[in-house]
Amino acid sequence: MTIVAFAEKNKAAEEIANILGKGNYKRTSVEGIAVYRFQRDGKDWAVTGLAGHIMNYDFPAEYNSWTGVPPGDLLDISPIKLVTKENFAFVIERLAKEAEEIILACDYDREGENIGFEAKELAERIAKVPIKRARYSTFSQKEIEEAFDNPGEPDAALAMAAETRQILDLKMGAAFTRYVTLSVREKAFTKEILSIGPCQTPTCGFVYEREKAIREFKPKDFWKITADFDADGNIFTGTHRAGHIPEKEKADEIMARIKGEKTALVDKKTIREQSLAPPFPLNTTEFLKRASAFLNISPEKSLEIAEQLYLSGLTSYPRTETNKYADDFDFKVILADLAKNKDYTTAVSQIVSAPAGIKSKNGPKDAKDHPPIHPIKGASKETVEAMIKLPGAYVVYDLICRHFLANLMPAAVFEKTKLEMKIKEELFDAAGSIKKFSGWLDIYDFETKNDKFLPDISEGDTTGVKKILNTASKTAPPKKLTEAELLTLMDKNGIGTKATAPTHIETNKKRGYFEAKGKTLSILNTGYMLMESLDDSVPIVIRPKIRAQVEELIQQVEDGKITMNEAVSTGTELIKKMYADLTENKDKLVTKLSGSIKTEAAETDKKNYIGVCPACQNALRIVTTDNGRFVGCVGYPDCSQTYSLPKTGAITVQRTKNCPKGGAAVLDVGKKYEWAVGIGPCFNCDQNVTCNPPEVVGSCPRCKEGEMQLIEYKDGRFLKCTLSCGHTQSLPNKGRMTVLDQKCEICGWNLFRVKEQGKDALEFCANRRCKAIGMRKEKTE
DNA sequence: GCAAGGTC
């Protein structure tokens, strides 16, 4: 008989076997899954690692049909739990047969308890043996031994808390997703799924809120007064104390008081040292934020790289909330190894030779899960790239190493100088900053902090005033949300976990709700329309509150205050209420979303795409029917915006031209003329001369007042006076003709250049009344 | 086909 233990993952199982077996264990394999066997106190032990959850909730098969089951019905039925990783289930059953006792040894948290219960459920189908729980937070000899010497009882409440989340998330996600997707498909053809979820939707909500703030932003005027001071040729700038002045009169008053002043007084000078502490050790969220901000790598990719670095033994486990090292953390071995990389040698020797010893600047979070992300081994760029074939592998490794080193280095020190300058009675502020001691910044050069110098002057000194400026300006709209900011918002609001935040961001990208351009996120039309309609109908869904409410129910289950069933039914009621709000506003939702989907389709149909509908912001495109053609909105029938088009002639939409009168687009009709959508033919327009300036070559030799204009038509070309004197002149009809910038020295007309195929190009004056006529210059190409 | 959470 054997004592069987289940850990959350293989790596943990091996650690446990190593510690409990005192380095003496045997690795066996069942169904390709490692089982570690060893002896302890005369007993046989078997430890295996699962792979996170091995079961998952789903609806019974008869509810799989999206069209056959009204989505709302999903809220009234109970999902069932099914095994998703059969090979692990097999190993659990196999080990249960030989077990005299089972110890659940997954991570010490809510999901870990739940994963243990999955193993428990499968094992209990096979054998009735005592099932215990080993609780540990680190893989130290002492903690592991204690955890397995005195295992406790499994915590059903904790495990059921996770179960509550699983059921409520599935119900809400499935019902909402099916409903929105199917409703939109009634009006617009799309194979895409429009998903809604308790984490992904608030995540999109953050991007939407920022975008909305940008779109609704109204810039405000302000004035700013600055002065350039001259201290013995050293020029520095100060800003008037009033800062941003919203009223022009006020700024003008100040200017009037100091106009023409040539000297200023150094009224006050303060110098203080400011130290900048190194960053806390890296936890997952902080790591993802920095990788995005410094390296421009998406959270999803960063986590994937960190996972590979971890599996290759280069860095530690990448999923942790902790940003504090344990008291007995061994920095020395790692530091010695890091010195192998020449980029780190100097920093390492600084750290190990510090008189006060090696000291970490620890953060406040100790989630008792894993140590902060840190390097395990020092490696060169070539080594890392040879081990991990992912773009960005080395820069991510380098970031982790530099962060680790920076954290152990002394604070940087800056000297901050403030000058209060007085021009008459008006106060101006100037600030300077000089790095006195670089400390950790030596190794961590991701954020550059440039020095800003001020001249060496003292209180009571006077300086010259070179110029005083009153600059009119406008307040700037908020900036687009960055991926790093989004991660912060998610973390603060409890949306997702350290390990899932990147997935939620990725889901939104995959659904076409928002996209990343470099570090910044931009909402896409579908995402904006979805959020806007949800904001109108079920605003709670796009805000973090929805997660918080479910989280509170879960917490009550965890605390044993309510049962899982009670929590599920309360939670389901909450979802039903939201679902009712959603269905009540179906029309609005569908109109906006189907319009946005059709707009995307129209935008890719370049030939017929016209532009944005002024009435509804969807797409305008050319519609051709048996009765002719016109420009219509994809939002039809909800939007009936239309424009007529000329009845004949091939139409080409000009992408480079905008109609100054506000036509929706400018079209070429045949090769004959232009037409502005919503305005009409360009030749009837008073703006035509501005839009299509005639090409003139010189003054009219007959009336002397008009200019000779080049007229080109299908069958030929000639010159015609722009005034009504009626003078015309023919031009050679063969070859490609261009009017040159160069002028005829005799008559002042622009020279012409004609190139016939197979012949040399000719440049000449075309003026029949010019004395230069006939003096054609040959030009070889 | 739908969620979010583990882990690979």
Side-chain angles (χ1 to χ4, degrees), chain A residues 6-13 32-34 49-59 61 63-69 71-75 79 81 84-85 87-88 106-119 159 161-182 185 190-204 284 303-312 317-320 369-370 388 390 490 494-508 510-511 541 546-547 550-551 554 571 575 579:
Chain A
F6 297 113
E8 188 152 322
K9 49 190 165 284
N10 176 56
K11 193 98 181 169
I33 293 158
L50 308 175
H53 287 285
I54 55 173
M55 298 172 103
N56 193 18
Y57 271 102
D58 205 349
F59 292 105
Y63 293 92
N64 282 349
S65 164
W66 284 38
T67 43
V69 181
D73 286 9
L74 298 176
L75 301 177
K81 209 174 185 186
T84 50
K85 287 171 184 154
N87 50 345
F88 285 93
C106 296
D107 294 357
Y108 185 18
D109 55 25
R110 191 190 280 164
E111 293 301 326
E113 200 69 25
N114 189 273
I115 293 164
F117 267 66
E118 293 175 8
E163 209 86 352
T164 307
R165 178 196 56 72
Q166 291 167 17
I167 295 169
L168 291 176
D169 285 353
L170 175 62
K171 282 190 167 187
M172 187 259 180
F176 272 64
T177 299
R178 286 191 194 181
Y179 182 80
V180 172
T181 305
L182 293 174
R185 282 187 195 167
T190 175
K191 278 191 275 186
E192 303 298 320
I193 287 167
L194 290 150
S195 63
I196 309 278
C199 285
Q200 58 172 272
T201 305
T203 299
C204 190
T284 307
L303 198 53
E304 193 190 340
I305 293 169
E307 178 76 33
Q308 293 300 315
L309 288 168
Y310 158 68
L311 290 172
S312 310
Y317 189 68
R319 285 176 279 271
T320 177
D369 46 2
H370 299 271
I388 297 159
L390 285 174
M490 293 173 75
I495 301 300
T497 66
K498 59 196 184 295
T500 59
T503 323
H504 299 315
I505 296 177
E506 218 53 32
T507 304
N508 279 290
K510 191 175 109 196
R511 299 283 186 227
V541 172
I546 175 67
R547 196 75 198 140
V550 172
E551 188 57 43
I554 294 168
I575 299 169
Y579 190 79

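Below, read A as the first sequence line, B as the second, and so on, with proteins coming before strands; counting in each chain starts at 1.
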Min and max contacting nt of DNA chain B in 5' to 3' order, chain A heavy atoms within under 4.0 angstrom, are B:dG1 to B:dC8
request  = Answer yes if the side chains of A:Thr500 and A:Thr497 hold a donor-acceptor pair under 3.5 Å, and no otherwise.
outcome  =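 Per modelled atom types, A:Thr500 and A:Thr497 side chains form a pair under 3.5 Å.
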| query | Does the salt bridge (Lys or Arg N to Asp or Glu O under 4.0 Å) test come out yes or no for A:Arg110 and A:Glu551, once each step is laid out? | reply | CA-CA 12 Å; A:Arg110 191 190 280 164; A:Glu551 188 57 43; 3.1 Å; yes
With a non-hydrogen cut-off below 4.0 angstrom, is [X] in contact with a base, only sugar-phosphate, or nothing?
X: A:Arg110; value: nothing
X: A:Leu74; value: nothing
X: A:Phe176; value: nothing
X: A:Gly496; value: sugar-phosphate
X: A:Leu311; value: sugar-phosphate
X: A:Tyr317; value: sugar-phosphate
X: A:Asp58; value: base
X: A:Gln308; value: nothing

A:Ala175 or A:Gly494, whichever maps to the more 5' nucleotide of DNA chain B
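First, find each residue's nearest nucleotide; the 5'-ward one identifies A:Ala175.
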Comparing nearest nucleotides in DNA chain B, the 5'-proximal residue of the pair A:Asn10, A:Phe59 is A:Phe59
Margin query: Run the side-chain contact (heavy atoms from CB on, under 4.5 Å) test on A:Asn114 and A:His53 for me, step by step, so that the C-alpha distance in whole Å, both residues' side-chain angles and the decisive distance to 0.1 Å come before the verdict.
Written below: CA-CA 8 Å; A:Asn114 189 273; A:His53 287 285; 3.3 Å; yes
*asked:* Can you classify the ring geometry of A:His370 versus A:Tyr317 as parallel (below 30°), tilted (30 to 60°) or perpendicular (above 60°)?
replied: tilted
Item to complete: List for me each residue that meets side-chain contact (heavy atoms from CB on, under 4.5 Å) alongside A:Ile193, sequence neighbours excluded, and say none if there are none.
Response: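 Expected list: A:Trp66, A:Thr177, A:Thr181, A:Arg185, A:Ser195, A:Arg511.
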